[in-house]
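Reading through the structure tokens given below for one structure.
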Number of protein chains: 2
Amino acid sequence: MTNRYERQERERDEMRQAILDAAGLIVAEEGLKRLSIRKIAERIEYSPGIIYHYFAGKEAIIEQLLRQGYLEMVSGLDAVSAMESQPEAIFAQTMRRFIETSLADGVRYRDIMLNESPSVLSHTAVLFSGAASQREALALLIRLLRSFDRLKEKQDDELELTAQVIWSGAFGLILRLTVEKDLPAAQKERLIRHYLETTLIMIKHLE
Amino acid sequence: MTNRYERQERERDEMRQAILDAAGLIVAEEGLKRLSIRKIAERIEYSPGIIYHYFAGKEAIIEQLLRQGYLEMVSGLDAVSAMESQPEAIFAQTMRRFIETSLADGVRYRDIMLNESPSVLSHTAVLFSGAASQREALALLIRLLRSFDRLKEKQDDELELTAQVIWSGAFGLILRLTVEKDLPAAQKERLIRHYLETTLIMIKHLE
DNA sequence: GACCTATACTGAACATTGTTTAATACATTG
DNA sequence: CAATGTATTAAACAATGTTCAGTATAGGTC
């Protein structure tokens, strides 16, 4: 008796996910701006109207899509294994991997991190005071910072600020590299290396 | 005889500018996403179709608008007057003014700097090798860097890389602050100050 | 099995978009 | 004055997001 409702609920969820999957494919193929309700409907082989039985509107679909995408991206986050014992090497390799995966994802990183809807921002906001306790990326950065001897004694809130600034710097570089997409690979590499070098210099000389 | 053509040309330019002005007002009031050809037409008191006699399409209008906006923004760029004699203070104040004017401009900075059309990018691209010779912001940054004694002897191309990284960092911070627009003013201020501090530390210890 | 009710779904419609085009008014030229 | 080219409009087209009246369907009740 009760499991009938469960099955209905399950089917509803499956339909919602089918819509999201179709939307995800379209976005991957044509970009977020070209996503349309009718294209989704065609792909799931239903009429366009039905989508409004499962989502409040296009905006809601996009938000859910970006939220799922964000979780995927974050799930691959962790420090490079400690085969490299020097904090500098670990920091550089971890940051480099983060930058390169973001770049490999093309415009997805950009779509996610620039979305201003509250439901997406509740996952992606990173600058507020106390963010480190809720954002794995910041927590990871702080752990990396603490692996430098000079910074072991630093207060949490100061390291958080530093992590936020470092994070914003990487964010800016990733976005610029995404926008200026015709940049030669060698220059791209030079910039990433220089970003890592200068950031490390800064870290090593924090007062 | 020839000046008839000149007058025609002039009237054409005036119409083009009237369209751009109307578009600019709408964007300022409602944002870039809400700009529409029909709204422009209504504001200039013509029918929508006429706009296509003056511009190739909506995209072309936006590009021209952003290009004009970019020139406006850049025109206000110069180093803080040297009443402060220490390079550090000059650097910090110049960067701070740049960050704060960008933030004050709301989403305009964002719309301009994230636009990917070649005609806009030809003004805004900043990461390519040799960019300092064409981008006042980068040239200014390099001049500021050279005012530090340690960096007087540095090669141009290395300082350019450093300027590009510093610029990208500011860019990332500005964008994050624009996206996370509900951040308390005190935290905003803390982040800007910390960005300036850490960047200065980096500059002072460049090898 | 007949009936009922809630849910799934469709087709058509509506309003709004960017854009094109046939027709027209107008100004300039010869 | 006739011809030519330019400026302008109204209407249409295609695509968009969204709504809604109606229809089928599936599950439960008598």
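The sequence lines fix the lettering, A, B, ..., with proteins before strands; numbering per chain opens at 1. Because only heavy atoms are used, hydrogens play no part in the values below, and waters and symmetry mates are left out as well, while side chains stay in.
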Are the side chains of M113(A) and V126(A) in touch, meaning some heavy atoms are under 4.5 Å apart? no
List every contact pair, protein side and nucleotides 22-25 of chain C side both N or O, where the distance is under 3.5 Å.
none

Given the options L121(A), L66(A), T124(A), N115(A) meets side chain to side chain contact (heavy atoms under 4.5 Å, CB included) only with L66(A)
Residue of the set L161(A), D157(A), L127(A) for which side chain to side chain contact (heavy atoms under 4.5 Å, CB included) holds with R190(B): L161(A)
Flag for Q17(B)-D21(B): side-chain donor and acceptor within less than 3.5 Å: yes
Do any pairs count as a side-chain hydrogen bond (donor to acceptor under 3.5 Å, both in side chains) and have a residue in residues 125-138 of chain B, sequence neighbours left out, and if so which ones? E136(B)-R143(B)
Applying ring-ring contact (aromatic ring centres under 6.0 Å, His included) as the test, list every pair that has at least one member in residues 161-202 of chain B; sequence neighbours left out. W167(B)-F171(B)
Using a cutoff of under 3.5 Å, can you pull out all pairs of nitrogen or oxygen atoms linking the protein to nucleotides 13-15 of chain C, with atom names and distances?
none

R146(B): what forms a salt bridge (Lys or Arg N to Asp or Glu O under 4.0 Å) with it, not counting sequence neighbours? D156(B)
Measure [atom1]/[X] against [atom2]/[N] and give the value in whole Å, please.
X: E42(A); N: dT10(C); atom1: CD; atom2: P; value: 13 Å
X: R34(B); N: dG17(D); atom1: CZ; atom2: C1'; value: 14 Å
X: L32(B); N: dG18(C); atom1: CG; atom2: P; value: 11 Å
X: E11(B); N: dC26(C); atom1: CD; atom2: C1'; value: 12 Å
X: I62(A); N: dG17(D); atom1: CD1; atom2: C1'; value: 11 Å
X: Y52(B); N: dT17(C); atom1: OH; atom2: P; value: 12 Å
X: I44(B); N: dT9(D); atom1: CD1; atom2: C1'; value: 13 Å
X: K33(B); N: dT16(D); atom1: NZ; atom2: C1'; value: 15 Å

At under 4.0 Å between heavy atoms, what does [X] touch on the DNA or RNA strands: base, sugar-phosphate, or nothing?
X: I51(B); value: nothing
X: I40(A); value: nothing
X: S47(B); value: base

Pairs under 3.5 Å (N/O, protein and nucleotides 5-7 of chain C):
none

Strictly below 4.0 Å, N to O, side chains only: are E189(A) and R96(A) in salt-bridge contact? yes
Any sub-3.5 Å donor-acceptor pair from E42(A)'s side-chain atoms to P48(A)'s backbone N or O? no
Are the side chain of K204(B) and the backbone of E88(B) linked by a donor-acceptor contact shorter than 3.5 Å? no
Does atom CD of E11(A) have more than 12 heavy-atom neighbours, drawn from other residues, nucleotides or ligands, at distances under 6.0 Å? yes
Who are the ring-ring contact (aromatic ring centres under 6.0 Å, His included) partners of H123(B), not counting sequence neighbours? none
Below 4.0 angstrom, which residues in residues 13-25 of chain B have at least one non-hydrogen atom near DNA chain C? none
I'd like to know whether L151(B) forms a side chain to side chain contact (heavy atoms under 4.5 Å, CB included) with T162(B), so could you lay out the CA-CA distance, the side-chain angles of the two residues, the decisive distance to 0.1 Å, and finally the verdict. CA-CA 11 Å; L151(B) 303 178; T162(B) 306; over 6 Å; no
Partners of Q93(A) by side-chain contact (heavy atoms from CB on, under 4.5 Å), sequence neighbours excluded? V80(A), E84(A)
Using the salt bridge (charged side-chain N to carboxylate O under 4.0 Å, His left out) rule, collect all pairs that involve residues 43-70 of chain A, keeping only residues at least two apart or in two chains. E29(A)-R43(A)
May I have all residue pairs that pass salt bridge (charged side-chain N to carboxylate O under 4.0 Å, His left out) and include part of residues 106-120 of chain A, sequence neighbours excluded? E72(A)-R108(A), D105(A)-R108(A), R110(A)-E116(B), E116(A)-R110(B), E116(A)-K181(B)
Reading DNA chain D from 5' onward, which residue's closest nucleotide shows up sooner: K39(A) or I50(A)? K39(A)
Note: S147(A) and P87(A) closest approach over all heavy atoms is O-CG, 3.3 Å
For residues 54-61 of chain A, which residues have at least one heavy atom under 4.0 Å from DNA chain D? G57(A), K58(A)
